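Below: the structure, in structure tokens.
Every number for a ligand or one of its atoms is a count from 1 in the order of the listing. Keep in mind that what you see is a predicted model, and the values were worked out from it rather than measured.
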Amino acid sequence: MTILIKNGTVVSPTGRHDADVLVDGQKIAALLQPGSDAAASAESGAEKVIDAAGKYVVPGGIDAHTHMELPFGGTFASDTFEIGTRAAAWGGTTTIIDFAVQRDGENVRESLDAWFAKAEGECAIDYGFHMILGGVDEAALKEMDNLVGEGISSFKLFMAYPGVFYSDDGQILRAMQKASDNGGLICMHAENGIAIDVLAEQAAARGQTDPVYHGITRPPALEGEATNRAIQLALVAGAPVYFVHLSASEALAAVAAARNDGHNVFAETCPQYLYLNLEDHLGLPGFAGAGYVCSPPLRTREHTHHTDLWRGLRTNDLAVVSTDHCPFCMKDQKELGLDDFRAIPNGIGGVEHRMDLIYQGVVMGELSLERWVETCSTTPARMFGLYPQKGVIAPGSDADIVLYDPNGSTTLSVDTHHMSMDYSAYEGVEIDGRVDTVLSKGKVLIADETYHGVKGDGAYLRRGLSSYLL
Ligand code: URP
Ligand code: ZN
Ligand code: ZN
């Protein structure tokens, strides 16, 4: 099918300009000067014309950090690939990179195959995988080479969660050495899990079992320490490192210092660390704070008011915004930790709201429109080997296109979201702006407040190496 998107303002990391976008099948065919003979001829030949007057035309969002169906804390993240990717599409995200999981003692290949089986034929939008290595042993290290060759070019390691996904410094160093050899990218969950477990045990022994103690026992210094340690290990290994879900100013300072020294150190943050905090959300009375238990935890009001994270997004010390989408319902899931915060499954769902929430940074004057596109689409594509297939509106790229209406508005709520969650972490938040229309590979998925896709529209993406590695 040919589609002409006319009268819109096309936004890229380098600027914005008025252009008509011609889509042919799954690809972008041309950007045409509005009012030109070429645009008029494209319009008369197009099977469908979409009027984007007054709207931004941006590359579909790429959420590089999701956990559909993640087994965690005795339960599973509540979004299936079908539901979670559909919710993503509603929010203007047209690609996710999800984390396949290998646990200690498990075979990497079998674990990955299980992830392929979960996603195959289910997804609304295109998807790739990172590989979580929960047990870095000789076999896992060897498998890393094969995975890079097969399009799974990034690996998540955990300095947190001892006994679950945790890697010690030796395992981390070995995996980094391997990445240094094969061009892979290590994605690091940087929190000192050993020290955190001591603090958590001591709090529980004092009877401090409410959700807020999840945050109090994971202080920012322990994210800063782990971030710094991982950077030193990466330097020793000669490997790049990418910090996932960075939340603490101490961690950001370590990343910024390493970058200033010219090292291949990268980081992402997530909307929850920009908008939610320990006192007002994690510290809600009763058990309500459980809905805000995630790791790293929400930081204190004072910490988040420093706005270091917004600054980091402007300076590129934070290159990417992802969601760390890991939804659990309050009922039966978060409730597993009713008596002890340590048993609350960690995670917040937000795959649907990332584009809207970060667009508020534009509204508030924290980010430029171009930087919104860059952090939410173009850089994730480059960082994780999907560019220029994804992340840009240019001839030859996939026609993953969002029409965003800056004059629209959206209210976030459990009553209207499309994620499989019985609460919203952003209940009642009013968004200036609205996702109007979403195309994925030339197919209109969202228009007129209706979902027009079917499960299986999305396909697996075999990723290349990161464009950021020299
Ligand atoms: O709380 C979180 N972040 N849950 C998902 C697992 C992880 O560490 O990313
Ligand atoms: Zn993590
Ligand atoms: Zn995560």
Only pairs under 3.5 Å count here: list side-chain donor-acceptor contacts from residues 250-263, not counting sequence neighbours, and write none if there are none.
| from | atom 1 | to | atom 2 | distance (Å) |
| --- | --- | --- | --- | --- |
| R259 | NE | D317 | OD1 | 3.2 |
| R259 | NH1 | V265 | O | 2.8 |
| N260 | ND2 | A256 | O | 3.4 |

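- Taking the six-membered ring where the residue is Trp, Y161 and F165 present perpendicular rings, their angle passing 60° and hence far from 30°.
- Under the salt bridge (charged side-chain N to carboxylate O under 4.0 Å, His left out) criterion, E150 pairs with R109, not counting sequence neighbours.
- Between V58 and I393, the shortest heavy-atom contact is C-CD1, 3.5 Å.
- Inter-residue side-chain proximity for H325 and H65 is flagged as unmet; no heavy-atom pair is nearer than 4.5 Å.
- Ion pair D398/K390 flagged as a salt bridge, since at least one NZ, NE, NH1 or NH2 atom sits closer than 4.0 Å to an Asp/Glu carboxylate oxygen.
- The 4.0 Å heavy-atom shell around ligand 1 contains residues H65, H67, K156, F158, Y161, H189, H245, C294, S295, D324, C326, N346, G347, ordered by chain and number.
- Checking C326 against the Zn ion (ligand 3), every N/O/S atom stays at or beyond the 2.8 Å cut-off.
- In this structure, the ring of H214 has its center no less than 6.0 angstrom from the ring center of Y292.
- Looking at D400 and K441, no side-chain N of the basic residue comes within less than 4.0 Å of a carboxylate O on the acidic one, giving no salt bridge.
- In this structure a side-chain-to-backbone donor-acceptor pair under 3.5 Å is missing from K178 to K142.
- Note on H67: its N/O/S atom closest to the Zn ion (ligand 3) is NE2.
- Under 2.8 Å from the Zn ion (ligand 2), one finds the following protein N/O/S atoms: K156 NZ, H189 ND1, H245 NE2.
- The existence of a salt bridge linking E122 and K118 is excluded, since no basic side-chain nitrogen approaches an acidic carboxylate oxygen closer than 4.0 Å.
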